> 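Below is one structure. I have some questions about it.
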Amino acid sequence: MYLTLLFLHSVVRWLVLLSLFYAVIRSYRGYQSKSSFTKTDDLVRHWTATIAHIQLMLGIVLYSQSALIKYFWNNFAEASKDLNTLFFGLIHFVLMLLAIVIITIGSAAAKRKILDSDKFKTMLIWFSIALIIIFIAIPWPFSPFANRPYFRSL
């Protein structure tokens with residue numbers, strides 16, 4: 001089960017990035033062109049937050065089942081000296097949780113705005129901040145903190 005969840009978490013990462021990037025581009029264009037906030041824009045806002053929440057749930061289950069995380073918390077002083085272990089034990093989890101909170105706040109705030117330009121601006125700001133945090137917190141193959149492949153296999 002753990003490997004299946006790890007694979008899903010790896011795949012859904014790309015859905016989160018694509019939907020978030022698309023939402024940022026769409027909100028930027030809408031804000032710049034002073035467009036109407038359409039039903040499609042609202043669906044993009046909603047599904048971006050939903051996909052991010054699904055990824056969070058997968059991540060929480062993985063976090064609770066991971067041998068690396070259990071080692072980290074059982075041997076905190078020693079384990080926190082290793083950047084790879086510290087990254088997955090604390091940094092990745094905290095930054096991703098923060099990013100999802102930011103997406104959630106941005107989505108809810110945009111939904112409640114009256115003016116279309118305010119909806120686009122709110123999405124643009126909050127989702128962009130979340131996207132930057134997520135890029136930092138992903139264990140890319142080239143990351144100096146901890147690295148993993150672009151896709152995890154089963």
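Values in this document were obtained by computation on a predicted structure and should not be read as measured data.
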> Taking all non-hydrogen atoms of both residues, which atom of Ile136 and which atom of Leu95 are closest, and how far apart?
CG2-CD1, 4.2 Å
> Nearest 0.5 Å, what's the OG-CD distance between Ser27 and Gln32?
10.5 Å
> Show the nearest heavy-atom pair for residues Ala130 and Ile103, with the distance to one decimal.
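Closest approach of Ala130 to Ile103, heavy atoms only: CB-CG1, 3.4 Å.
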> Measure from the side-chain N and O atoms of Asp82 to the backbone N and O of Thr85, and report whether any donor-acceptor pair falls under 3.5 Å.
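At least one qualifying donor-acceptor pair exists.
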> State, with a plain yes or no, whether a side-chain heavy atom of Phe72 is found less than 4.5 Å away from one of Ser66.
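Sidechains of Ser66 and Phe72: no contact.
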> Might you point out which heavy atoms bring Lys70 and Gln65 nearest each other, and give the distance in Å?
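What the structure gives for the nearest pair is NZ-O, 4.0 Å.
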> Nearest heavy-atom pair of Pro144 and Leu83: which atoms, and what distance?
O-CD2, 3.7 Å
> Quick check for you: to the nearest 0.5 Å, what is the distance between Leu97 atom CG and Ile102 atom CD1?
10.0 Å
> Hydrophobic cluster membership, with links at side-chain heavy-atom distances under 4.5 Å among I/L/V/M/F/W/Y: are Leu20 and Val12 in one?
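Hydrophobic grouping puts Leu20 with Val12.
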> Does a side-chain heavy-atom distance below 4.5 Å link Trp47 with Thr50?
yes
> Transitively linked via ILVMFWY side-chain contacts under 4.5 Å: Phe142 with Ile133?
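The answer is yes; both residues are in one hydrophobic cluster.
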> Hey, could you give me the CD1/CG distance between Ile25 and Leu124, rounded to the nearest 0.5 Å?
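Going from the CD1 atom of Ile25 to the CG atom of Leu124 covers 9.0 Å.
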> Taking the six-membered ring for Trp, are Phe145 and Phe87 parallel (under 30°), tilted (30 to 60°) or perpendicular (over 60°)?
parallel
> Any idea which heavy atoms bring Asn84 and Ala146 closest together, and the distance?
OD1-CB, 3.2 Å
> Are the ring centres of Phe120 and Phe37 closer than 6.0 Å?
yes
> For Ser36, which residues count as a side chain to side chain donor-acceptor pair (under 3.5 Å) partner, sequence neighbours excluded?
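Counting only residues at least two positions away or on another chain, Ser36 forms no side chain to side chain donor-acceptor pair (under 3.5 Å).
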> I'd like to know if Arg26 and Asp41 make a salt bridge, using a cut-off of under 4.0 Å between side-chain N and carboxylate O.
yes
> Would you mind reporting whether Tyr63 and Phe88 have side-chain heavy atoms less than 4.5 Å apart?
no
> With heavy-atom distances below 4.5 Å as the criterion, would you say the side chains of Tyr28 and Lys121 are in contact?
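Sidechains of Lys121 and Tyr28: no contact.
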> Can you hop from Leu17 to Val44 via hydrophobic side chains spaced under 4.5 Å?
no
> Ignoring hydrogens and geometry, is there a side-chain-to-backbone donor-acceptor pair from His9 to Leu5 under 3.5 Å?
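Such a contact is absent between His9 side chain and Leu5 backbone.
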> Roughly how far, to the nearest 0.5 Å, is CG of Leu43 from OG1 of Thr48?
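Reported value, rounded in 0.5 Å steps: 10.0 Å.
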> Taking it one step at a time, do Thr104 and Ile100 satisfy side chain to side chain contact (heavy atoms under 4.5 Å, CB included)?
CA-CA 6 Å; Thr104 304; Ile100 303 305; 4.1 Å; yes
> Can a donor-acceptor pair be found, under 3.5 Å and without considering hydrogens, that links the side chain of Gln55 to the backbone of Val16?
no
> Atom CZ of Arg13 and atom CZ of Arg148: how far apart are they, to the nearest 0.5 Å?
10.5 Å
> Side chains of Leu90 and Trp73: closer than 4.5 Å at any heavy-atom pair?
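Result yes, sub-4.5 Å side-chain heavy-atom pair found.
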> Working to the nearest 0.5 angstrom, can you tell me the gap between Leu86 CG and Ile91 CD1?
4.0 Å
> Donor-acceptor check, side chain of Trp14 to backbone of Tyr150, threshold 3.5 angstrom: yes or no?
yes
> Do Ile51 and Met57 belong to the same hydrophobic cluster, where Ile, Leu, Val, Met, Phe, Trp and Tyr are linked whenever their side-chain heavy atoms lie under 4.5 Å apart, directly or via other members?
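They do share one cluster, since a chain of ILVMFWY contacts under 4.5 Å joins Ile51 to Met57.
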> Looking at Thr122 and Ala110, what are the two nearest heavy atoms and their distance?
CG2-N, 3.6 Å
> Give the intermediate values and the outcome of salt bridge (Lys or Arg N to Asp or Glu O under 4.0 Å) for residues Asp42 and Lys39.
CA-CA 5 Å; Asp42 194 50; Lys39 184 171 176 71; over 6 Å; no
> Take a 6.0 Å sphere around CZ of Phe21 and say whether it holds more than 12 heavy atoms from other residues, nucleotides or ligands.
no
> Side chains of Ile138 and Met96, heavy atoms from C-beta outward: is any pair under 4.5 Å?
yes
> Would you please classify the geometry between the Trp140 ring and the Phe135 ring as parallel, tilted or perpendicular, with 30° and 60° separating the classes?
parallel
> Can you list the steps and then say if Leu58 with Leu6 is a side chain to side chain contact (heavy atoms under 4.5 Å, CB included)?
CA-CA 8 Å; Leu58 288 169; Leu6 192 58; over 6 Å; no
> Is there a side-chain contact between Ser107 and Phe127 in this structure, where contact means two heavy atoms from C-beta onward sitting under 4.5 Å apart?
yes
> May I ask you to test the Pro139-His92 pair for a side-chain heavy-atom distance under 4.5 Å?
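Counting from C-beta outward, Pro139 and His92 do come under 4.5 Å.
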> Please check if Val61 and Tyr2 belong to a single hydrophobic cluster, counting links between Ile, Leu, Val, Met, Phe, Trp and Tyr side chain heavy atoms closer than 4.5 Å.
yes
